[in-house]
Amino acid sequence: MAELLIVVAIIAVFVAIAIPVFSSQLEKSREATDAANIRSAYAEVMAKCLSDDRTGEEWEPSAERWQREVPLKQTVAKWDSEQFESALDGLCTDGSQDGHPFPNGTAHVRRYASGRVEIAYGGDYINPISAENFLLPSILQSIVGDGYSYNVLDSEEKHPGQGTAKFNKEMEAAGFDLEKHGAVSWTIYLKDSKGAYLKQPAIYYTPDKIAQDGSMLNKRVPVIDYRDGKYDVYVTTVVKYNGKDSSQYDYYGLQRLNAQLDEGTGSATFQYDTWEEAQRAFEYVKQRVAAGSQASADTLLGEGGFKIK
């Protein structure tokens, strides 16, 4: 009997060692598959471009580009293999990919008529079902408390005693990752500019990270805003916020847009019913802003033939 227990214990040790190794190798194979599929998509859009084929589904006239979407198989965020990451960076005009892979996300391989090549990533998008995990007023108020003195939660605000820290801790416990849903830098509005709780909170977000070294100060940043199952696209600016304790309160973030959400008087239109519509509009505005346009989002969307209110 003792010998049997020893054998079982040895087997258990081997299994404990083997499972992580097997899981790691399995994830590497998923990454290899994703990298190969992205390179294949790159070859497809380049072939369409070289033949100037603007008749297929790859051609997006509103954005003047060819695009292929690649569903990702990897289950861990970011590239683990520097070899894959470096090889795909080399395909992009800027020398780097836009963002990084998300579990069960999508890679977008794009070649613009202007010559620009980019590989961008997106995860599960924020939709009415996923929003219930973090945007219901009852949930947010339970996190920040009725005495919360600020209008917003901000992804870049790092003070450990404030609502953003409580919110992040609660979301981590719930297994909800905003970044996986395409919101890397974000502002969540609980109150309007008059200090009244919104009947339905809103989030303005971008898949781009706001740098904290000051290099993005005053930069124009397109954002998607979501509220109560609808979406819109705006252009805001990176600003610096200051507090009493500079080591904890000073940070660079998205300029506040909560006045546009005032109940009954706000200017937010939330004109898109689906994330897909908003994403196409967002990508068009992002391209125009990157090219140096100083126009408002509505002006750009009108020029691009998008629906505006």
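Note that these values count all heavy atoms, side chains included, but never hydrogens, waters or copies made by symmetry.
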K.L.:
Mind running salt bridge (Lys or Arg N to Asp or Glu O under 4.0 Å) on Arg227 and Asp232 for me, showing each step along the way?
P.N.:
CA-CA 9 Å; Arg227 186 186 186 200; Asp232 210 338; over 6 Å; no

K.L.:
Would you please test Asp34 and Val70 for side chain to side chain contact (heavy atoms under 4.5 Å, CB included) and show each step?
P.N.:
CA-CA 8 Å; Asp34 287 340; Val70 181; 5.6 Å; no

K.L.:
Tabulate below the donor-acceptor pairs under 3.5 Å that side-chain atoms of residues 182-190 make, not counting sequence neighbours, or state none.
P.N.:
residue : atom : partner : partner atom : Å
Ser185  : OG   : Glu156  : OE2          : 3.2
Ser185  : OG   : Asp208  : O            : 3.0
Ser185  : OG   : Ile210  : N            : 3.0
Tyr189  : OH   : Leu257  : N            : 2.9

K.L.:
Enter the distance from Ile119:CD1 to Arg111:CZ here, rounded to the nearest 0.5 Å.
P.N.:
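Here the interatomic distance stands at 13.5 Å.
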
K.L.:
With rounding to the nearest 0.5 Å, note down the distance linking NZ in Lys166 to CG in Leu153.
P.N.:
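If we round to the nearest 0.5 Å, Lys166:NZ and Leu153:CG are 10.5 Å apart.
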
K.L.:
Would you mind telling me which of Tyr226, Tyr272, Tyr205 makes a ring pair (Phe, Tyr, Trp, His ring centres under 6.0 Å) with Tyr231?
P.N.:
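Filter result, single survivor: Tyr226.
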
K.L.:
Same hydrophobic cluster for Leu135 and Tyr197, using side-chain heavy-atom links shorter than 4.5 Å among ILVMFWY?
P.N.:
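They do share one cluster, since a chain of ILVMFWY contacts under 4.5 Å joins Leu135 to Tyr197.
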
K.L.:
With Arg256, which residues qualify under salt bridge (charged side-chain N to carboxylate O under 4.0 Å, His left out), at least two apart?
P.N.:
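Checked Arg256 against salt bridge (charged side-chain N to carboxylate O under 4.0 Å, His left out); matches are Asp154.
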
K.L.:
Examine Tyr42 and Tyr112 and state if one hydrophobic cluster contains both, with Ile, Leu, Val, Met, Phe, Trp and Tyr joined whenever side-chain heavy atoms are less than 4.5 Å apart.
P.N.:
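They do not share one cluster, since no chain of ILVMFWY contacts under 4.5 Å joins Tyr42 to Tyr112.
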
K.L.:
Test of understanding: with salt bridge (charged side-chain N to carboxylate O under 4.0 Å, His left out), list the residues that count as partners of Asp89, not counting sequence neighbours.
P.N.:
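Salt bridge (charged side-chain N to carboxylate O under 4.0 Å, His left out) check on Asp89 returns nothing, list empty.
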
K.L.:
Which heavy-atom pair separates Leu198 from Lys191 by the least distance, and what is that distance?
P.N.:
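It is CG-C, 3.9 Å.
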
K.L.:
Could you state whether Leu91 and Val109 fall into the same hydrophobic cluster, counting links through intermediate Ile, Leu, Val, Met, Phe, Trp or Tyr residues with side-chain heavy atoms under 4.5 angstrom apart?
P.N.:
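They do share one cluster, since a chain of ILVMFWY contacts under 4.5 Å joins Leu91 to Val109.
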
K.L.:
Around atom CZ of Arg39, are there more than 12 heavy atoms of other residues, nucleotides or ligands at under 6.0 Å?
P.N.:
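Atom CZ in Arg39 is not packed in, count stays at 12 or less.
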
K.L.:
To the nearest 0.5 Å, how far apart are OG1 in Thr299 and CD in Gln294?
P.N.:
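Going from the OG1 atom of Thr299 to the CD atom of Gln294 covers 12.0 Å.
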
K.L.:
Indicate whether the side chain of Asp298 and that of Ser296 have a donor and an acceptor atom separated by less than 3.5 Å.
P.N.:
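No donor-acceptor contact under 3.5 Å links the two side chains.
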
K.L.:
Between Asp52 and Arg54, does at least one N-O distance fall below 4.0 Å, as a salt bridge requires?
P.N.:
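The answer is yes: the pair qualifies as a salt bridge.
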
K.L.:
Could you check whether Arg110 pairs with Glu58 (Lys NZ or Arg NE/NH1/NH2 to Asp/Glu carboxylate O, under 4.0 Å)?
P.N.:
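Not counted as a salt bridge, because no side-chain N and carboxylate O are separated by less than 4.0 Å.
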
K.L.:
Do Arg68 and Glu57 make a side-chain contact, defined as non-hydrogen atoms from C-beta onward lying under 4.5 Å apart?
P.N.:
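The answer is yes, as the side chains (C-beta and beyond) meet within the 4.5 Å cut-off.
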
K.L.:
Restricting to pairs with a member in residues 169-178, which pass salt bridge (Lys or Arg N to Asp or Glu O under 4.0 Å), not counting sequence neighbours?
P.N.:
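For residues 169-178: none.
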
K.L.:
One pair to check against side chain to side chain contact (heavy atoms under 4.5 Å, CB included): Lys240 and Gln212. What are the steps and the verdict?
P.N.:
CA-CA 9 Å; Lys240 185 175 183 179; Gln212 294 302 303; over 6 Å; no

K.L.:
Do you see a donor-acceptor pair shorter than 3.5 Å between the side chains of Arg280 and Tyr284?
P.N.:
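Short answer, no.
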
K.L.:
What are the two closest non-hydrogen atoms of Phe282 and Pro222, and how far apart are they?
P.N.:
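So the minimum-distance heavy-atom pair works out to CE1-O, 3.2 Å.
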
K.L.:
Kindly give the heavy-atom pair with the smallest separation between Lys209 and Met216, and that separation in Å.
P.N.:
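The pair with the smallest heavy-atom distance is O-SD, 3.6 Å.
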
K.L.:
So Tyr234 and Leu254, do their side chains get closer than 4.5 Å, heavy atoms only?
P.N.:
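A side-chain contact under 4.5 Å is absent here.
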
K.L.:
Compare every heavy atom of Ala211 with every heavy atom of Ser215, then report the nearest pair and how far apart it is.
P.N.:
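Where Ser215 meets Ala211 most closely, the heavy atoms are OG-CB, 3.6 Å.
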
K.L.:
Mark yes or no for whether Gln97, through its side chain, and Glu85, through its backbone, hold a donor-acceptor pair below 3.5 Å.
P.N.:
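Present.
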
K.L.:
Between Ala113 and Trp59, what is the shortest heavy-atom contact and its length?
P.N.:
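In terms of heavy atoms, the two residues are closest at CB-CH2, 4.4 Å.
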
K.L.:
Show your reasoning for whether side chain to side chain contact (heavy atoms under 4.5 Å, CB included) applies to Asp94 and Arg116.
P.N.:
CA-CA 8 Å; Asp94 294 341; Arg116 177 181 175 82; 2.9 Å; yes

K.L.:
Counting distance only, does the side-chain N/O of Thr33 pair as donor-acceptor with the main-chain N or O of Ser29 below 3.5 Å?
P.N.:
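Answer holds: yes.
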
K.L.:
Under the salt bridge (charged side-chain N to carboxylate O under 4.0 Å, His left out) rule, collect the residues that match up with Asp53, sequence neighbours excluded.
P.N.:
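Testing Asp53 for salt bridge (charged side-chain N to carboxylate O under 4.0 Å, His left out), a comparison that skips the adjacent residues, returns Lys48.
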
K.L.:
Nearest 0.5 Å, please: how far is CD in Glu157 from OG1 in Thr164?
P.N.:
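That separation rounds to 4.5 Å.
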
K.L.:
Counting only heavy atoms from other residues, nucleotides and ligands, does the tally under 6.0 Å from NZ of Lys78 exceed 12?
P.N.:
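12 or below, so no.
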
K.L.:
If you count heavy atoms of other groups shown closer than 6.0 angstrom to CD of Glu303, is the number above 12?
P.N.:
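Atom CD in Glu303 is packed in, count exceeds 12.
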
K.L.:
Between Lys230 and Asp273, does the side chain to side chain contact (heavy atoms under 4.5 Å, CB included) criterion hold? Intermediate values first, please.
P.N.:
CA-CA 5 Å; Lys230 288 183 176 293; Asp273 295 323; 2.2 Å; yes

K.L.:
Begin with the C-alpha distance, continue with both residues' side-chain angles, and end with the deciding distance and a verdict on salt bridge (Lys or Arg N to Asp or Glu O under 4.0 Å) for Glu31 and Lys28.
P.N.:
CA-CA 5 Å; Glu31 281 199 3; Lys28 287 182 179 179; over 6 Å; no

K.L.:
Determine yes or no for a side-chain-to-main-chain donor-acceptor pair under 3.5 angstrom, with Thr93 supplying the side chain and Val117 the backbone.
P.N.:
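Answer holds: yes.
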
K.L.:
Please list, chain by chain and in numerical order, all residues satisfying salt bridge (charged side-chain N to carboxylate O under 4.0 Å, His left out) with Arg65, sequence neighbours excluded.
P.N.:
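With neighbours one apart ignored, the set is Glu60, Glu283.
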
K.L.:
Taking atom CD of Glu27 and atom OG of Ser81, what is their separation to the nearest 0.5 Å?
P.N.:
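Output value for this atom pair is 11.5 Å.
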
K.L.:
Say you draw a straight line from OG1 of Thr106 to CG of Leu72; how long is it, rounded to the nearest 0.5 Å?
P.N.:
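Those atoms lie 6.0 Å apart.
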
